[in-house]
Amino acid sequence: MKTVLMVAEKPSLAQSIAKILSRGNLNSRKGLNGVCSVHEYAGTFLQQNVRFKVTSVCGHVMTLDFIGKYNNWDKVDPAELFSKAPTEKKEANPKLNMVKFLQVEGRGIDYIVLWLDCDKEGENICFEVLDAIKPVMNIPRGNEKVVYRAKFSAITDSDISKAMNQLGEPNRNEALSVDARQELDLRVGCAFTRFQTKYFQGKYGNLDSSLVSFGPCQTPTLGFCVERHDKIQSFKPEAYWVLQAKVTNSAGDSMVLDWDRVRVFDREIAQMYLNMTKSTKETKVQSVSKKEKVKQRPQALNTVEMLRVASSALGMSPQHTMQIAEKLYTQGYISYPRTETTQYPESFDLKATLRQQANNINWSDVVKALLTEGINRPRKGQDVGDHPPITPMRSATEAELGSDGWRLYEYITRHFIATISYDCKYLQTTVAFNIDEEHFTCTGKTLLSAGYTTVMPWQSLADEETLPVCEGGDVFAVNEVKLLEKQTSPPDYLTESELITLMEKHGIGTDASIPVHINNICQRNYVTVESGRRLKPTNLGIVLVHGYYKIDEELVLPTIRSAVEKQLGLIAAGKADFPPVLEHALNIFKRKFHFFVDSIAGMDELMEVSFSPIAESGKPLSRCGKCHRFMKYIQAKPSRMHCSHCDDTYNLPQNGTIKLYKELRCPLDEFELVLWSSGSRGKSYPLCPYCYNHPPFRDMKKGMGCNECTHPTCQHSLSLLGIVQCVECESGVLVFDPTSGPKWKMACNSCNVVVHFFENAHRVKVSSETCVCEAAIVDVDFNKAKSPLPGEATQHSGCVFCDPVFQNLVELQYAKMKHPMHRGGGGQGRRRGRGRGRRPSGRGNPKKPKDKMAALAAYFV
Ligand SMILES: [Zn+2]
Ligand SMILES: [Zn+2]
Ligand SMILES: [Zn+2]
Ligand SMILES: [Zn+2]
Ligand SMILES: [Zn+2]
């Protein structure tokens, strides 16, 4: 029997799709990476009986990166990144072992059906999957077609079944446009970012970012926020005057009238109008006009509009909104949430979609009324041909979706119902008066039919006071005419929603990437999110944008990026070739880069005003091993050490405190050691500022402290203080912290496991002997008065794990904060297998761990 492999974008999608296509008749098992499942069932394909295997990837399989030495910031001139540096595709998440997993499941299959999400990224992943599987699948006979692509917009029975019956082919051009974008962003972003980060980071002590990044999209996005900031700064308020009158009729109904001139900017002229009118005691109605007006129902919902409303009305960031929307889509509650389309295709069954909501108590009245009355045709919008607008696919309750999930779902559903409801209609009445020669009016609105505003109540007409009944010639007494003095006010900082509008208007980013760029400029500390989700640029953000403007405004203006996006669109449409488009864009940026490098002094002048030179920052802490003078500790993020004599800067671990460590020196380079600590409930370890930045041994990476140092004789190294392989993670070693007394502890040098032991002991020492379990034997001394040891003993040596006397004196915990420099580690809660020791086995590394650790670890839990 032949086998058909089907691949979706995420594990949950594979499961939903398999359930629908097999009608619930399937067998599931976990794949070899432990994350993806494989769902199998029997069925027919191309009129043959076949076995189906449905599985998934986890987003992109591959990621683009430079090869080898080009990833080293210190060894490569960033200018080489534009053309010379070769790139390669690497596995996006090596831990998932995705290529191997796909090859195991794809070996010997006959057909492949691609169920990746139907957008450009999904199309790109199609080819990543094919690259992995094609070499191992059965060779087709003749030129039989074996690769198929399913196109769908929602995870519903009808959509999925329909897609299965109308399989097409993956679109190579769309995939290539994604490749082009990736390569362009990588080369341009890395070149500029590396150059400016290295240039500025070493010069200013209070530059509050570890990365001074540039992105062809990110920077214009920041540019919009700074442009608004500049407008606010340069705004000069101006005084103006408004004439306001109050009139009352014989029945006692009064109205406040608006001046037809609205306002004047000259005090004397304003005073003249007041003098003209203030003695008038009586006025007549000149005319009463009534006009029926319409408030239009919204257009069908696309991504950008959803992001705008979620930010302004629900207070949710674009990034968070997309995550929630994708979850709702994966669970089948809404259609695909990445779309530019605002018009339903002719074939879309609006009624059936609406009927799903008829019993949802939140809006059943409106829905039932609409079903009886007949739905309205949605407004015309734009059909981009990618997906239908974002639409609820089945009814849901708040309990099912959770708070944010529900708020977004509720909005999407109410918006959908509104699009097929009727417009809101109202009557606008305007009453006009003359006071002396001046014209005044009063306007009121009366609701005729609420239409869609019943389901979108936040858009309904404000309860304006109804106007008194009157007609032309009616006489009103003028109670009062007064002059109001006001001031023009500056614009406010851009809201996220306004920023999205600007990005869309200028063609920067796409529905998929807009949230990422906005998130980036927040995360990198170029803007902060203020109340009302307004984006206020930071000092650094402002200086950067002003600097680019000074050197080359095109680095900030959206023009180049939108031109590039257009060309990428041409690649996707098959109207332009990948290599020339990429080369052309890279050439432009390469020239800009060289000009930027030559003109960097211009930017530096701005930096000098905002930031202080590194030599004047920080306070003396520990001695430099080269010149033996004190180096300064710069606390501003990213915290660093700087020797002003040697003019060298040393990076430090972040998010903790740094102290001098007993004035001890590293035996390799004579730098004084410092102690990093994340607080009393956390971890701490000593490090040598030099070795931390320039690893002395081949098996050490940058950013390792003495607890990972394999120096065979150093008193502070892993070799002498390491006790045993971590009980929790695969790669770490539990290292004794000799500074931790009297609350002694050992901590994993990789994950956040901390073991507390021997509280109040006055001395704890790691001996050179080992237990049968291969943990190092520990010598402990207690004071007589405080000793918990039996028989008033004050000394004991033994294994922390095996020794019965120690048993009650040892306690496993987790450090409060995870060390941010520690790569890997799936975070708390996810326990991976306690594999065999992978500890670097240098010389003088006696405490090799052993298989029995699993059993020993159980001792703690
Ligand atoms: Zn020095
Ligand atoms: Zn050192
Ligand atoms: Zn050392
Ligand atoms: Zn660990
Ligand atoms: Zn032992």
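Order of listing sets the numbers, starting from 1, for every ligand and every atom in it. For the numbers below, each heavy atom of this structure counts, side chains included, while hydrogens, waters and symmetry mates do not.
Donor-acceptor pairing under 3.5 Å is recorded for the side chains of K590 and S83. Looking only at atom types and distance, the side chain of D803 has a donor-acceptor partner in the side chain of H796 under 3.5 Å away.
Draw a line from the Zn ion (ligand 2) to SG of C688 and another to SG of C666, and the angle between them is 120° (to 10°). Rounding to the nearest 10°, we obtain 100° for the angle at the Zn ion (ligand 1) between C643 SG and C627 SG.
With rounding to the nearest 0.5 angstrom, the CE atom of M746 is 13.5 Å from the CG atom of N707.
Around the NZ atom of K89, the shell of radius 6.0 Å holds more than 12 heavy atoms that belong to other residues, nucleotides or ligands.
The Zn ion (ligand 1) does not have H645 among its coordinating residues (no N/O/S atom, backbone or side chain, under 2.8 Å). Under 2.8 Å from the Zn ion (ligand 1) lies no N/O/S atom of H628, from backbone or side chain alike.
Between F82 and F589, the distance from one ring center to the other does not fall under 6.0 angstrom.
D669 contributes atom OD2 as its closest N/O/S atom to the Zn ion (ligand 2).
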